[in-house]
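Here the structure is laid out as structure tokens; the discussion comes afterwards.
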Amino acid sequence: MHEFRYVGNRLHCERVAIDKLVQQHGTPLYVYSQSTVEDHYQKLDHALAPLDHLICFAMKANSNQAVMRTLADCGSGFDTVSEGELRRVIAAGGDPRQCVFAGVGKTDHEIEYALRKGIYSFNVESEPELVRINHVAARLGKIAPVAVRVNPNVDAGTHAKITTGTYDNKFGIAFEQVAGVYARAAKLKHLRLRGIQMHIGSQLTAVKPFELAVRKMLPLVTRLAAKHPFEFFSIGGGLGIIYKTALASAGPDWWQTAAARDILTPAKYADTLVPLLKPLGLRILVEPGRFIVGNAGVLITRVEYVKRTGKKNFVIVDAAMNDLIRPAFYDSFHEIVPLRKKGGALVASDVVGPVCESGDYFCKDRPLPKVGEGDHLALLSAGAYGFVMASNYNTRALAAEVLVKGNKSAVVRPRQAIESIWAGERPAPWQQ
Ligand code: LLP
């Protein structure tokens, strides 16, 4: 499952003791396990082997160049949502011809850039966007490969902010309108109707919503594929990971354990979906982000102060909501463990950052080992939507990132220099 575990009393990432990395690089520090990223990619790739398939890693989850390179070397394609992401793919040695480009607000400039780089397909989210892509392609004398993103109106039963496949969301084209949209798109001369796409939400821990959405889509896809030269059906991303018992799910054999019953393993995903999809005879694309990298990263932070006020035990750490916003934004749970294992009674604690907002917390009233100033904590399962959502709020520098492989480690992004935060700013001319 992942490569973070205690060896003796010390938390390791693969064969590297994380406290050593902290000594060298300070905190807050993101640490990623390359072997975990590779293992997750391969597990999914293997499970989907009966299908002609392409995994397009949703790089919005983690776009560090070293992580991207790892996946490019595995043969992964990428699900991109901006010109910046496409540029990152190319910088990391990825192949734009294995990239899809999603998002509801693609600009002319982004469409042109993606066309020039020869991406595999645009995942189109509205009819005006189809018209615009056709127009830009005509100007460039190109044919644009497109797939319509279908909103199947299936409730994924996940957090409201990460549900995408119902009619309350801004995403995709309503199921009932899709056939008409394809019929009109077929008349646009600079489009190639290469496929069809859906994505129903993120952090799905059961296969049922995927199954329902795929079953709903199958007749439509079959009908449309008979009319248009479809090559692929993308079923999106969304495979959930373990947050609550992350530490207990360490090790490559974890997938075989009883605890794996409660999570959507690649095998369960494939066992249900492959038999449904295989008869289509189409190439199947998947766009997992969190599943590949979520459990492959941790955020390490130092305890600065412990403060008891009224009934609360506040553990004040040097990481904050600007480094990992998920608890503040989605009320999400990240397991928190000390870098050096501690015995003794557990204390109900709020782990909070230094940012001046009450929302700046990592947990509330959670039973944790008693820690003191100078101890270090690891926030687990922070490899997806962690660093990528970081900001400079409170003029706090972006954390450093380290990649580990076996007994090797390397800084794959140094800690941001504080002055660089305002380097592009200047007084207006009249203020000189
Ligand atoms: N495909 C599309 C069209 C998407 O919108 C997304 C995620 C994915 C694939 C990848 O989903 P995944 O496999 O990672 O679940 N920041 C939030 C998650 C936002 C997801 C946005 N879209 C979080 O921290 O939970």
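Note that ligands are numbered from 1 as they come in the structure, with each ligand's atoms numbered from 1 the same way. The basis for the numbers below is simple: all heavy atoms, side chains too, and nothing from hydrogens, waters or symmetry mates.
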Restricting to side-chain contact (heavy atoms from CB on, under 4.5 Å), what partner residues turn up for Q416, sequence neighbours left out?
N392, A397, L398, S420, I421
Exceeds 12 heavy-atom contacts within 6.0 angstrom, atom CG of L346
yes
Using a 4.0 Å cutoff against the non-hydrogen atoms of E287, which atoms of ligand 1 qualify?
1 (N), 2 (C), 3 (C), 8 (C), 9 (C), 10 (C), 13 (O)
With K142 via side-chain contact (heavy atoms from CB on, under 4.5 Å) - residues at least two apart:
L115, L140
Is the distance from the ring center of F362 to that of H334 below 6.0 Å?
no
Please state whether the rings of Y120 and F232 are parallel, tilted or perpendicular, taking 30° and 60° as the class boundaries.
tilted
G238 heavy atom under 4.0 Å from ligand 1
yes
Could you list the atoms of ligand 1 found under 4.0 angstrom from a heavy atom of S202?
11 (O), 12 (P), 14 (O), 15 (O), 20 (C)
Proximity flag P288 to ligand 1, non-hydrogen atoms under 4.0 Å:
yes
Quick one: does ligand 1 sit under 4.0 Å from the side chain of F329, the backbone, both or neither, non-hydrogen atoms only?
neither
Closest to atom 11 (O) of ligand 1 (judged by heavy-atom distance), picking from F171, Y385, F57
Y385
Measuring from the heavy atoms of Y330, does anything fall under 4.0 Å of ligand 1?
yes
Cation-pi between R88 and F78: NZ/CZ under 6.0 Å from ring centre and within 45° of the ring axis?
no
Using a heavy-atom cut-off of under 4.0 Å, does the side chain or the backbone of A102 touch ligand 1, or both, or neither?
neither
Cation-pi, F175 ring and K216 (6.0 angstrom, 45 degrees)
yes
Report the part of R290 in contact with ligand 1, treating N, CA, C, O as backbone and CB onward as side chain, heavy atoms under 4.0 Å; options are side chain, backbone, both, neither.
both
When only distance counts, is D79 in polar contact with ligand 1, meaning an N/O pair under 3.5 Å?
yes
Is the Y6-H12 ring centre distance short of 6.0 angstrom?
no
Where on H199 is there a heavy atom closer than 4.0 Å to ligand 1, on the side chain, on the backbone, on both, or on neither?
side chain
I'd like to check which ligand 1 atoms, numbered from 1 as shown, lie under 4.0 Å from a non-hydrogen atom of G289.
12 (P), 13 (O), 14 (O)
